[in-house]
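One structure below.
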Amino acid sequence: MKSPLEEKLAQLPTTPGVYFHKNAAGEIIYIGKAANLRGRVRQYFQKSRGRDPKTEALVAEIRDIDWREVETELDALFLEAELIRRYMPQYNILLRDDKSLAYVRVSHKSKHPTVTITRRPLDDNADYLGPYHSALTVKRALKALRKIFPYSTHKGVVPKRACLQAHLGLCPGLEADMAPLGEYRANLKKLTKYLRAERVQVMRELEKEMKESAKKSQFEKAAKLRNQLFALRHLSRQIVFSDSESLDISKDYGLRDLQKLLNLPAVPRRIEGYDVSHQHGTDNVASMVVFTAGIPDKSAYRKFKLRIPGNNDFAHMHEALSRRLKPRYIKNWGKPDLILIDGGKGQLSSAIKACEEAGIEIPMIGLAKREEEIIMHVNSRVVLSDKELKNQSGFVRKEGEFLVGELPKTSHIVKLLQRIRDESHRFAVSYHSSLKQKRQTASILEEIPTIGPATRKKLTKAFGGFRGVVRARRADLEKVVGKSKASLIRQYLRAYKSKEDHEKE
């Protein structure tokens, strides 16, 4: 009689897809991609194959397998990267290198829009898609998509004539006026939508534009759109990033376990994370990040420039939540299923007070950094009875009005909450740093006579800050502020640099 695992191996299809190795407890311990699921997965169980010690340890723990089929290997690449980032399986972490996560950066609003891969997302008005665990995976996918949606990758200085990629049809060739800027930006929007799982919408738009171009006798444009449409259909006829497939939250262990642990009525689909950042009570800011179905929804992120001065994290957290829970924001942004506060009892109490003042019931928990303890107020919407408390392995004690518990660092719940907490911290620090830089730049430029707020704004926008103004050439300054002001600025900067050099000596 065949074992359950042998029966699963016999049922494997020969199509592309993503496979899941599970241990005896049913936990996903490894996720991989395959052009042929049957051939790839069965390789793990061939005794004659030479394997390294880590792979041997993985195979020894496998007790069950599961898989998801897709149309093409390209879809398998995207799906694997997305699911590894969500589940963070034990052996994917052990078997991968120590590099940070990769993002696809699309600078729609720049004068020369580009598509690049980066490991450090910034708040620079560009779109960041991801993150992905494997930069190689993203590069392979973009290489295939670039043939359909040509894009530029020029960094720094743009060439004065068409590059080789432009002659190969992989770059729009803006530097040689080979394509209008508006048309190129529209093309980038289609690429971004494709990467965000809006494949069907992109194909409908292409088909609509193709028919309209044909009616207007723009046959060359219609033929180009037809070729794009045909290439997309050739890549795949199935969406792999939609909620019904790669983002099925009922299969997300972290969200499911969190619902059970906190006694929530349903899986928390929208989770908002909050953090506060400042430096000695200056440039106080708060961040709001949103995770939908366990995935960062960057378009829903919000940041608050706090009005309360001084170094008071509790008051700042209360202000941030009070502003977030105003009726107009509840109407426009929606109501979260769960709120995660970066901090301990004090920050959580302040957030709960803001929620009570707004007359809204929203489950709230805190995540303390030191021991990664999950903190919950007994009067919050999430209430566990003494019997339920004993059954929860995480919440092991009561401390006054709080339930405090510490789950294993390897649990799916802790991994999910850590991702949200770390993202809210990153977003808050990034906003604080940008405000601090602008304030320092403004304070120095304010000392220059006749340089008002409008001129300072122009300089900051053009050169990125005071250091950029210092390095700017006379001709570049004159283009922004005119000859007379440029001369005045350079005269002042010479005196400033002399003063700075003297202080260093």
Side-chain angles (χ1 to χ4, degrees), residues 72 74 77-78 102-118 121-122 124-130 132 135 138-236 241 298-299 461-462 464 476 479-480:
T72 70
L74 176 66
L77 289 172
F78 274 118
Y103 295 80
V104 177
R105 179 183 183 275
V106 185
S107 58
H108 288 283
K109 298 179 182 179
S110 67
K111 295 180 180 179
H112 194 103
T114 59
V115 177
T116 55
I117 295 175
T118 181
L122 304 171
D124 55 1
N125 292 324
D127 286 341
Y128 287 89
L129 307 172
Y132 302 98
V138 183
K139 289 177 182 177
R140 289 174 178 172
L142 289 178
K143 184 178 180 180
L145 291 172
R146 194 175 185 183
K147 298 176 183 178
I148 306 171
F149 304 107
Y151 58 80
S152 173
T153 58
H154 297 303
K155 296 180 181 179
V157 180
V158 178
K160 296 182 179 180
R161 56 183 180 180
C163 62
L164 175 62
Q165 303 299 324
H167 290 295
L168 294 175
L170 302 177
C171 177
L174 293 181
E175 59 274 11
D177 295 325
M178 295 175 65
L181 179 59
E183 180 181 315
Y184 173 43
R185 282 180 172 156
N187 202 51
L188 281 185
K189 286 184 179 179
K190 293 186 179 71
L191 172 62
T192 304
K193 286 182 178 179
Y194 181 90
L195 296 177
R196 286 179 172 162
E198 299 177 24
R199 181 201 303 264
V200 173
Q201 184 178 345
V202 171
M203 295 179 71
R204 286 175 180 171
E205 288 179 4
L206 287 172
E207 189 171 3
K208 182 179 179 181
E209 291 179 25
M210 180 183 68
K211 291 179 179 179
E212 289 178 353
S213 299
K215 286 181 181 180
K216 296 177 182 179
S217 299
Q218 298 174 347
F219 300 116
E220 185 176 345
K221 183 179 179 181
K224 184 178 179 180
L225 293 167
R226 178 204 61 200
N227 293 339
Q228 283 184 311
L229 191 60
F230 177 79
L232 274 180
R233 287 173 177 167
H234 181 71
L235 281 177
S236 174
F241 292 145
K298 291 183 179 294
S299 63
K461 184 177 181 180
D476 295 332
K479 288 180 182 179
V480 177

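- Between the OH atom of Tyr151 and the OG atom of Ser107 there is a distance of 12.5 Å, given to the nearest 0.5 Å.
- Between Val115 and Leu191, some side-chain heavy-atom pair lies under the 4.5 Å cut-off.
- Of the inter-residue distances, the one linking Glu183 atom CD with Leu174 atom CG reads 10.0 Å to the nearest 0.5 angstrom.
- Minimum heavy-atom separation, Pro172 to Met178: O-CB, 3.4 Å.
- Applying the side chain to side chain donor-acceptor pair (under 3.5 Å) rule to Lys208 yields no partners; only residues at least two apart in sequence or on another chain are considered.
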Quick one, Lys224 with Glu220, criterion salt bridge (Lys or Arg N to Asp or Glu O under 4.0 Å). Give me CA distance, side-chain angles, the key distance, then yes/no.
CA-CA 6 Å; Lys224 184 178 179 180; Glu220 185 176 345; over 6 Å; no
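- By the side chain to side chain donor-acceptor pair (under 3.5 Å) test, His112 is found to be paired with Ser152, residues two or more places apart in sequence or in another chain being considered.
- When all heavy atoms of Pro150 and Gly169 are compared, the pair lying nearest together is CG-O, 3.4 Å.
- Remark: Tyr184 OH to His108 NE2 distance equals 9.5 Å, nearest 0.5 Å.
- The two atoms that bring Leu181 and Lys111 nearest to each other are CD1-O, 3.8 Å, heavy atoms only.
- Side-chain contact between Thr114 and Arg105 is present, with at least one heavy-atom pair separated by less than 4.5 Å.
- For the pair Arg161 and Glu175, the tightest heavy-atom approach, listed with the atom from each and the gap, is O-CG, 3.3 Å.
- Closest of all the heavy-atom pairs between Pro113 and Arg185 is CG-NE, 3.9 Å.
- Contact of the Glu209 side chain with the Lys190 side chain is registered, since non-hydrogen atoms from C-beta on lie closer than 4.5 Å.
- Nearest heavy-atom pair across His154 and Cys163 is NE2-SG, 3.6 Å.
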